[in-house]
Each structure stands twice: as structure tokens, then as C-alpha cells.
Amino acid sequence: MSNLKIFKTPLQTAQGFGDYLFEQASNKEKFNVALSGGSTPKLLFNYLAEKYAKSDIWPKVHFFWGDERCVPPNDNDSNFKTANDLLLEKIDVPNQNIHRIFGEDIPANEAIRYGQEIDKYVAKKSGLPCFDLIILGMGDDGHTASIFPNQIEILKSVNMCEVAEHPVTGQKRITFTGTVINNAQQVVFLLTGENKKEKLAEIISKTGGWQSYPAAYINPQHKEVQWFVDRAAARLVK
Ligand code: 6PG
């Protein structure tokens with residue numbers, strides 16, 4: 001499968017994807033990227049900061065987030081804080097290029113506001129904002145961004161963003177919908193760890209419970225979804 005790239009370790013996965021991301025951004029006059037959250041991208045952010053901190057491409061990169069926890073930007077749970085601490089503070093990116101989700105604001109209002117921000121800054125294709133690249137993770141329940149199995153209808157929302165709720169903690173989230181994700185020029189899943197192996201195998205082979213996993217419905221219309229994974233996550237893929 002050409003869209004599945006398997007690396008030996010989480011670090012090598014992050015490095016492989018980091019070099020790919022940098023090369024994609026280097027080829028564009030302006031590059032709109034949406035970052036994923038959680039812990040997996042931390043290795044990616046560290047690698048980009050170590051290897052490319054001195055690069056002159058950053059002023060043309062605009063950073064967005066595919067989802068955010070409804071917490072203040074200085075909260076350790078904030079996806080913005082993670083990216084800012086590990087990467088954004090270490091590169092020459094103008095503040096106006098950082099389009100964080102205001103996790104501290106009323107969720108319903110912020111979902112609307114962020115949709116308007118995307119509409120303003122991201123060029124359209126097929127009548128919808130078309131990100132150059134959206135990075136996604138996948139939870140071990142098959143969720144992606146903050147589209148959880150028990151709120152799978154968010155995939156089909158006509159809006160760019162919706163308010164979601166973590167099924168266990170009840171934490172409110174702002175999330176991209178499937179509408180904006182599947183209109184991106186490129187979507188890449190960055191996945192590592194044993195705890196992803198079952199869901200990844202089921203999604204790739206369309207077996208087991210794959211139809212209940214939101215990550216299974218990420219089928220970007222402009223280019224086939226790509227998976228950058230480590231051997232542990234790919235262990236059950238045939
Ligand atoms: C979030 C994410 C979420 C994440 C997966 C995987 O805000 O939590 O965007 O979709 O990518 O839950 O998280 P890990 O990388 O921590 O396994």
C-alpha cells in the first residue's frame with residue numbers, strides 16, 4: 001500500500017513525517033497546516049524545532065489546529081500549548097500566522113468564530129476551505145480530531161467546526177468536521193504505539209468494527225489519505 005509508510009520507531013516516524021512536511025511546505029508560497037493534538041505529535045514538534053528552527057520557510061506557514069480542548073491556552077491539556085512550547089516558540093513564525101482555537105471561550109461561539117477564521121485565511125477548492133495539509137491522530141477507540149464514535153455524525157456536519165464532548169471525561173472540545181478534513185489537499189495520519197494496532201488493521205482491511213470508527217471515514221477527495229506509522233501500530237496490518 002503506497003499510502004502506508006511504516007517506520008521502525010516512533011522517533012523515526014516523527015522524523016520521516018517531519019521531513020515530508022518540511023518538503024511540502026518548502027514547495028508552496030503559502031502553506032496552511034492544521035496540527036493534531038494529544039501526545040503523538042510531540043516527537044514531531046521536537047524534531048522540527050531541532051532540525052529546521054533556522055529555516056526561512058516559517059513566515060509562509062500558517063498554523064491551525066484540527067481540534068482543541070476547551071481549556072485556556074496555558075493549560076497543560078491545551079493542544080496549542082503543546083505545539084507552542086515545543087515548536088512555535090522556537091521558530092521564526094509571525095504571531096499572525098498562528099491561528100489558535102480560543103479554548104477559553106464559550107464553545108458554541110468559538111466553533112462559529114474558528115469556522116469564520118478558516119474561511120477568511122484558507123483558500124477554497126470545490127467551494128470549501130482547502131488546507132494544504134491536515135495532520136490527524138487516532139485514539140484507540142478510532143476517534144480522530146475530536147470526532148468520537150458516539151458523535152460520528154459530526155463527520156457530516158455542513159459546518160467547518162463543531163463542539164464535541166469527550167465520551168469519558170465530558171471535556172468539551174472544538175473539532176474540525178469531516179467536511180473540512182475531507183476537502184484538504186492532503187491528510188496524513190501520524191500514528192504510533194501498540195494501542196493503535198487493532199483499529200488501524202481494521203480500518204485498512206475494512207474488517208471488524210471499522211464502520212464505527214470516525215478515522216475510517218477520512219477519505220480526502222483531492223489526494224488519498226496517507227498513514228505515517230511505526231511498526232508497533234502496524235503490527236496487525238496484512
Ligand atoms: C486530541 C487529538 C486526538 C489525538 C488522539 C491520539 O486533541 O487528543 O487531536 O485526536 O490525536 O486522541 O492521541 P495520542 O497521540 O495522545 O495517542
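Residue numbers count from 1 along this sequence. Ligands are counted one by one from 1 in listed order, and the atoms in each one are counted from 1 as well.
Atoms of ligand 1 lying under 4.0 Å from any heavy atom of Gly137, numbered from 1 in the order shown and given with element: 11 (O). Against a heavy-atom cut-off of under 4.0 Å, Arg173 is close to the following atoms of ligand 1: 1 (C), 7 (O), 8 (O).
The proximity of Leu136 to ligand 1, defined as any non-hydrogen pair under 4.0 Å, does not occur for either the backbone or the side chain. At a heavy-atom distance under 4.0 Å, only side-chain atoms of Arg69, from C-beta outward, approach ligand 1. Heavy atoms from both the backbone and the side chain of Thr40 come within less than 4.0 Å of ligand 1.
Considering backbone and side-chain N/O atoms, Ser146 never comes within less than 3.5 Å of an N/O atom of ligand 1. Where the criterion is an N or O separation shorter than 3.5 Å, residue side chain and backbone included, Gly37 meets it with respect to ligand 1. Residue Lys196 has at least one nitrogen or oxygen atom sitting less than 3.5 Å from a nitrogen or oxygen atom of ligand 1, judged on distance alone. At least one N or O atom of Ala145, backbone or side chain, sits closer than 3.5 Å to an N or O atom of ligand 1.
Protein heavy atom in closest approach to atom 12 (O) of ligand 1: His143 NE2, 2.8 Å. What sits closest to atom 9 (O) of ligand 1 on the protein, heavy atoms only, is Asp67 OD1, 2.7 Å.
Asp19 and Lys51 are joined by a salt bridge, as a carboxylate oxygen and a charged side-chain nitrogen come within less than 4.0 angstrom of each other. Note on Glu110 versus Arg113: salt bridge recorded, some NZ/NE/NH1/NH2 to OD/OE distance being below 4.0 Å. Between Lys196 and Asp140, none of the side-chain N atoms (NZ, or NE/NH1/NH2) sits under 4.0 Å from a carboxylate O, so this pair counts as no salt bridge.
Counting only non-hydrogen atoms, the option in Ser39, Gly139, Ser36, Gly66 that gets closest to atom 14 (P) of ligand 1 is Ser39.
For the side chain to side chain donor-acceptor pair (under 3.5 Å) with Lys81, the qualifying choice from Asn79, Asp77, Asp85 is Asp85, the only one to do so.
Cation-pi geometry between Arg231 and Phe7 is not satisfied (NZ or CZ under 6.0 Å from the ring centre, within 45° of the ring normal).
Within a 6.0 Å radius of NZ in Lys124, other residues, nucleotides and ligands contribute more than 12 heavy atoms.
How far CG of Asp67 is from CD1 of Ile174: 10.0 Å, rounded to the nearest 0.5 Å.
Taking the six-membered ring for Trp and the full ring otherwise, His99 and Phe63 have centroids separated by 6.0 Å or more.
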